[in-house]
Q: 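Below is one structure. I have some questions about it.
The figures here come from the full heavy-atom set of this structure, side chains too, leaving out hydrogens, waters and symmetry mates. Remember, it's 1-based here, ligands and their atoms both numbered in the order they're listed.
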Amino acid sequence: MVSIICIPLDENSSFLRGSAKAPPLILDAFRSDASNMYAENGFNCGDSGKVKNLGNLQLTAGKPAMDSIQKAVRKELNRNQKVVSLGGDHSITFPIIQAYSQSYPDLNILHIDAHPDLYDNFENNPYSHASPFARIMEKGLVNRLVQVGIRTLNDHQKEQVKQFGVEVIEMKDFDPTVSFQFGGPLYISIDMDALDPAFAPGVSHHEPGGLSTREVINIIHQLNGNVVGGDIVEYNPDRDINEMTAMVGSKLLKELIGKILK
Ligand code: MN
Ligand code: MN
């Protein structure tokens, strides 16, 4: 069973706020009569016995927000639920993984993003959305971190990649036919800016030359691994056109849930 947790937090964004407004809009698209609730593998995400929406977390600012996220996720994992979280900016993934690593000590992460989010220090905010995977790796919370879609590596982040042993498939080297192999439990973190802005304009950081919607879906479909949770982050409704990015987010939500439960 999957619990959907909505995390309206964008205070750790470095460039633009707005992603806090994302979760209800992704859910509106998810339930919209414009489509149906089926993932492409035939799983019905509208099965209320298997997919439960827990609604928006009530959050205060700063570290207490991080603690609340970790606690909410831990509560679901302790009830043997899988969790799919809707952000919010990418800072939410650190407290989510803190909870996950307790239930799944040999956890792997597949991180789909234009950015590696590995800054040691970004604007003196340890929780910056530019740093969650640095925090995860320095605490040794996961077995493997595999990043796909990356097209913004700078010298500092290259050093971080080396230091933490991150497996990076840069966009320039991406082969859409490859299927990723994971032994052990797998968490999938999807930053909407991994997609080319042509497919998903509703993000704070437009980074041209990205993945197509189909390529992200195929990555999910083709991978071998036991997917135990995931998140969809960085949708910024203020930058969207005709809710098209909300619809892409809701499509990925269906495919993610379908992969977890079927
Ligand atoms: Mn990110
Ligand atoms: Mn990004």
Q: When you measure from the Mn ion (ligand 2) to the N, O or S atoms of Glu207, does any of those distances fall below 2.8 Å?
A: no
Q: Hey, is there an N, O or S on Asp117 sitting under 2.8 Å from the Mn ion (ligand 1)?
A: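 True for Asp117.
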Q: Can you give me the OD2-the Mn ion (ligand 1)-OD2 angle for Asp113 and Asp191, to 10°?
A: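 It is 90°, given to the nearest 10°.
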Q: Could you tell me whether the side chain of Gln157 and the main chain of Leu118 form a donor-acceptor pair under 3.5 Å?
A: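 It does hold such a pair.
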Q: Taking the six-membered ring for Trp and the full ring for Phe, Tyr or His, determine whether the centres of Tyr187 and His111 are under 6.0 Å apart.
A: no
Q: Is Arg17 salt-bridged to Glu234, going by a charged N under 4.0 Å from an acidic O?
A: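 Result for this pair is no, no salt bridge flagged.
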Q: Counting backbone and side-chain atoms alike, is an N, O or S atom of His129 positioned under 2.8 Å from the Mn ion (ligand 2)?
A: no
Q: According to the interplanar angle, ranging from 0 to 90°, do the rings of Tyr100 and Tyr104 count as parallel (below 30°), tilted (30 to 60°) or perpendicular (above 60°)?
A: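 Because their plane-to-plane angle is under 30°, the rings of Tyr100 and Tyr104 count as parallel.
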Q: With a 4.0 Å cut-off, would you call Asp67 and Lys63 a salt bridge?
A: yes
Q: Suppose we only allow N, O or S atoms; which atom of His90 ends up nearest to the Mn ion (ligand 1)?
A: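 So the atom name we want here is ND1.
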Q: Test of geometry: compute the angle OD2(Asp193)-the Mn ion (ligand 2)-ND1(His115) and round it to 10°.
A: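 Angle OD2(Asp193)-the Mn ion (ligand 2)-ND1(His115): 90°, rounded to 10°.
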